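The structure under discussion appears below in the form of structure tokens.
Computed from a predicted structure; not experimentally measured.
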Amino acid sequence: MNAIDIVQEYEKFDYDLTNRGWQKEIASFKLTCSRTINQTPKVSIVIANYNNAAYLDRMMTSLVNQTIGIEQLQVMFIDDKSTDNSIDVIKPYLTNYPNIEMYVLDENTGGAHGPRNVGLVHARGEYLVILDADDWYDEDALKYMSDMLDASGDDFGVSGIIQSVDGKLSLKSKPYFIDGDFKNRSIQALPAEFYGWLGPQGIMVSRKVVIDNNLHFVNQRVADDVTFFYEAMRFSKTISQGKALTTYLNRDADNAGLSKAINRTFMISWLRALSYINDMFPDDISKERFLSRRIEWLIHDFCLKRNIGYKYSKNRLRDFKAHLDFYIGHLSFDPSRHFRNDFRKSVWQYLEKNNINGLYRFIFLFSVRWVLNKKLGMKTVVANTYYYPQLLSSLPQTRLDVYAVAKELSQNTLHLEVYSFKKLVGFECRQLKQPYLSRQELAYKKIAENCYQVQLPEGFVYETNQFAVTFDDYSESGVKGLKKLVK
């Protein structure tokens, strides 16, 4: 394969932003609407659905109760030929509320990109959001995000996301919102961790930036949304960030079945998408951070994970390396400097040397070291730095991201030790049922190297509260031994 082959792939999968041919390939559909339809809505909501009937009432309820008012919305429910009762769930909303549009595609398109592109072509709002059919919004979400963009004049805005896994809530994509409110923030100033997500959740864009730049979802099942939103960011140049919670991300189905969908086609599709971004945009810190975080993510999936739909073997590692070289080639920067831990940095070094046998051995032995550390507590300490057990001197040393241990609790003052190569920025406490709304930064004092005193809140209960050490890369860690001290 060569550069001509890559260009042909871009054409085949509708990447080219100078070609509007994708609009001619839009799926045909049958449209059913509410009796009253606003032709000039403030916000258009594009919802791609396939067999999500169990989640649709929750999603639709969050939309019809938006504080911006259903009168200001264009709710576009686009069904990709579902085989469940999705259509029956939506029909009552068409009868009982204005501004609901149900597009039922004549044929299944095989991915969210098909319905989403139907939505882009028929959207009329000043602003646009893409909502997965099993996710839902806080009731103030669309007013908050549209007000934010009105005030800033930016074409791209992000805000707080909560992840829900079988009812258990946690913070998601902290760089979107954790630092507070921003207007007109250059995308070149965004931290690397910001680019670790870029799914549709928590994002609103102006429809103008979509139309002016021919933005659309590429014709493949994965990486279509991340490329869409990264392109929107690049053309926007600056973004707004809001600290309020707006979006709930459903991960109830994030299980072994979903992992099996991470297969060889998935790998190639992602590398193709990164190749296009790399070819299309000039080298700068935004592109460097975006590509680095995405390459790290692919390394995690296709070099390290076992339970995916592409069987783990030396051949998988060779295949990943070959496609990485073909699609990405030589980079003008070292992406591993943006990686989050030593393990992934070591994997990158083996890949750079094309040492697949050494990489296979390293991964196997690290798996053993990981078990020894997590299950048996084995570790090595050198000059106040903790490492996974070494096993062999020929292996690269691998630092523990964090080793934090509670030492003593006197009234509400917790004494603990924290060891990490990352910069500690503080301590937080959250209620497990409301991790975002109850987030509380705790007063602390550094009393010696690696030793801290932290003031726990009154009534802290281990079973219902989460205590976390936070770091400058937006990561966080729990504390060993805390449960035993908190009665």
Between Asn65 and Tyr97, does a side chain to side chain donor-acceptor pair (under 3.5 Å) hold up when you go through it step by step?
-> CA-CA 10 Å; Asn65 290 311; Tyr97 297 94; 5.4 Å; no
For the residue pair Phe13 and Tyr15, categorise the inter-ring angle as parallel (less than 30°), tilted (30 to 60°) or perpendicular (more than 60°).
-> perpendicular
Taking all heavy atoms of Ser269 and all of Val222, pick out the closest pair and write down the distance.
-> CB-CG2, 3.5 Å
Looking only at heavy atoms, what is the nearest atom pair of Phe228 and Val210, with distance?
-> CZ-CG2, 4.0 Å
Donor-acceptor contact present, side-chain Gln241 to main-chain Pro175, <3.5 Å | yes
Expected output: side-chain Thr109 to main-chain Gly111 donor-acceptor under 3.5 Å = yes
Going by distance alone, is a donor N or O of one side chain under 3.5 Å from an acceptor N or O of the other, for Asp473 and Ser475?
-> yes
Which atom pair, heavy atoms only, marks the closest approach of Asp181 to Gly242?
-> OD1-CA, 3.4 Å
Sidechain-backbone polar pair: Asn117 side chain, Ile26 backbone, donor-acceptor under 3.5 Å | no
Could you give me the CA-CA distance, side-chain angles and deciding distance for Lys172 and Gln201, then say whether side-chain contact (heavy atoms from CB on, under 4.5 Å) is met?
-> CA-CA 10 Å; Lys172 184 70 176 178; Gln201 295 80 11; over 6 Å; no
Rounded to the nearest 0.5 Å, the CG atom of Leu432 sits from the CG atom of Asn465 at a distance of 6.5 Å
How are the rings of Phe366 and Phe343 set relative to one another: parallel (under 30°), tilted (30 to 60°) or perpendicular (over 60°)?
-> parallel
About how many Å separate OG of Ser275 and CG of Leu324, when rounded to the nearest 0.5 Å?
-> 10.5 Å
Quick one: are Asp155 and Leu149 in side-chain contact, heavy atoms under 4.5 Å?
-> no
Out of curiosity, Leu131 CG to Ser62 OG, how far, rounded to the nearest 0.5 Å?
-> 6.5 Å
Should Asn184 and Thr238 be marked as a side chain to side chain donor-acceptor pair (under 3.5 Å) after you check the CA-CA gap, both sets of side-chain angles, and the distance that decides it?
-> CA-CA 5 Å; Asn184 313 128; Thr238 61; 4.5 Å; no
Short side-chain to backbone donor-acceptor contact, Asn51 and Thr83, under 3.5 Å = yes
Stepwise, does the side-chain contact (heavy atoms from CB on, under 4.5 Å) test hold for His122 with Leu31?
-> CA-CA 11 Å; His122 296 280; Leu31 174 63; over 6 Å; no
Rounded to the nearest 0.5 Å, how far does CD1 of Ile68 lie from CD of Glu71?
-> 10.5 Å
Over 60° means perpendicular and under 30° means parallel, so classify the ring planes of Phe467 and Phe427, tilted if in between.
-> parallel
Indicate yes or no for a side-chain donor-acceptor contact from Thr246 to the backbone of Ala141 under 3.5 Å, with no hydrogens or angles considered.
-> no
Compare all side-chain heavy atoms of Ile268 with those of Leu271 and state whether any distance is below 4.5 angstrom.
-> no
Side-chain heavy atoms of Gln66 within contact of Ile45, under 4.5 Å = no
Can a salt bridge be assigned to the pair Asp132 and Arg116 using a cut-off of 4.0 Å between side-chain N and carboxylate O?
-> yes
Electrostatic pair Glu231-Arg234, nearest N-O below 4.0 angstrom | no
Does any N or O in the side chain of Asp135 come within less than 3.5 Å of the main-chain N or O of Asn250, such that one atom is a donor and the other an acceptor?
-> yes
So, Phe77 versus Tyr103, ring centres under 6.0 angstrom or not?
-> no
Counting N and O atoms only, with roles assigned by atom type, does the side chain of Ser206 sit under 3.5 Å from a partner on the main chain of Val209, one being a donor and the other an acceptor?
-> yes
Is there a side-chain contact between Glu101 and Gln74, using heavy atoms and a 4.5 Å cut-off?
-> yes
Between Leu351 and Leu317, is any pair of side-chain heavy atoms under 4.5 Å apart?
-> no
salt_bridge(Glu193, Arg340) N-O dist < 4.0 Å = yes
CG of Leu298 to CZ of Arg293: how many Å apart, nearest 0.5 Å?
-> 11.0 Å
Over 12 foreign heavy atoms within 6.0 Å of CD, Gln188 = yes
Could I get the full list of side chain to side chain donor-acceptor pair (under 3.5 Å) partners for Arg264, not counting sequence neighbours?
-> Asp319
Side-chain heavy-atom pair Thr265, Gln220 within 4.5 angstrom cut-off = no
With a 4.5 Å limit on heavy-atom distance, are the side chains of Asp401 and Phe421 in contact?
-> yes
Backbone N/O of Gln72 and side chain of Asn38: donor-acceptor pair under 3.5 Å | no
Say whether, by atom type as modelled, one donor and one acceptor occur between the side chain of Arg439 and the main chain of Cys429 under 3.5 angstrom.
-> no
Hey, can you tell me if Trp22 and His216 have their rings parallel, tilted or perpendicular (30° and 60° cut-offs)?
-> parallel
For the residue pair Tyr474 and Asp179, confirm or rule out a side-chain donor-acceptor distance under 3.5 Å.
-> yes
In terms of heavy-atom contacts, does NZ of Lys237 have more than 12 from other residues, nucleotides or ligands at under 6.0 Å?
-> no
Atom of Thr32, atom of Leu94 and distance for their closest heavy-atom approach | O-CD2, 3.7 Å
Just one of Phe229, Phe177, Phe156, Tyr176 clears the ring-ring contact (aromatic ring centres under 6.0 Å, His included) bar with Phe194, so which one?
-> Tyr176
Please indicate whether Arg124 has more than 12 foreign heavy atoms, meaning atoms of other residues, nucleotides or ligands, lying under 6.0 Å from its CZ.
-> yes
Hey, is NZ on Lys422 packed in by over 12 heavy atoms from elsewhere, all under 6.0 Å?
-> yes
Which word best sums up how the rings of Phe302 and Phe320 line up, parallel for under 30°, tilted for 30 to 60°, or perpendicular for over 60°?
-> parallel
Assess the side chains of Thr67 and Asp140: does a donor N or O sit below 3.5 Å from an acceptor N or O?
-> yes
Would you please test Asn355 and Gln349 for side-chain contact (heavy atoms from CB on, under 4.5 Å) and show each step?
-> CA-CA 9 Å; Asn355 184 358; Gln349 291 169 3; over 6 Å; no
Taking all non-hydrogen atoms of both residues, which atom of Leu274 and which atom of Leu291 are closest, and how far apart?
-> O-CD2, 3.8 Å
Assign the ring pair Phe290 / Tyr230 to parallel, tilted or perpendicular, where the plane angle (0 to 90°) is split at 30° and 60°.
-> parallel
Is a side-chain N or O of Asp14 found less than 3.5 angstrom from the main chain of Val218, in a donor-acceptor match?
-> no
Side-chain contact test, heavy atoms from C-beta onward, threshold under 4.5 Å: evaluate it for Ile295 versus Trp348 and give yes or no.
-> yes
Arg289 NZ/CZ over Tyr195 ring centroid, <6.0 Å and within 45° of normal | no
Of Lys208, Met145, Lys42, the residue whose pairing with Tyr127 passes side-chain contact (heavy atoms from CB on, under 4.5 Å) | Lys42
Worked check of side-chain contact (heavy atoms from CB on, under 4.5 Å) between Asn52 and Met59 = CA-CA 10 Å; Asn52 284 293; Met59 181 271 296; over 6 Å; no
If every non-hydrogen atom of Ile262 is compared with every non-hydrogen atom of Lys305, which pair is closest and at what distance?
-> CD1-NZ, 4.3 Å
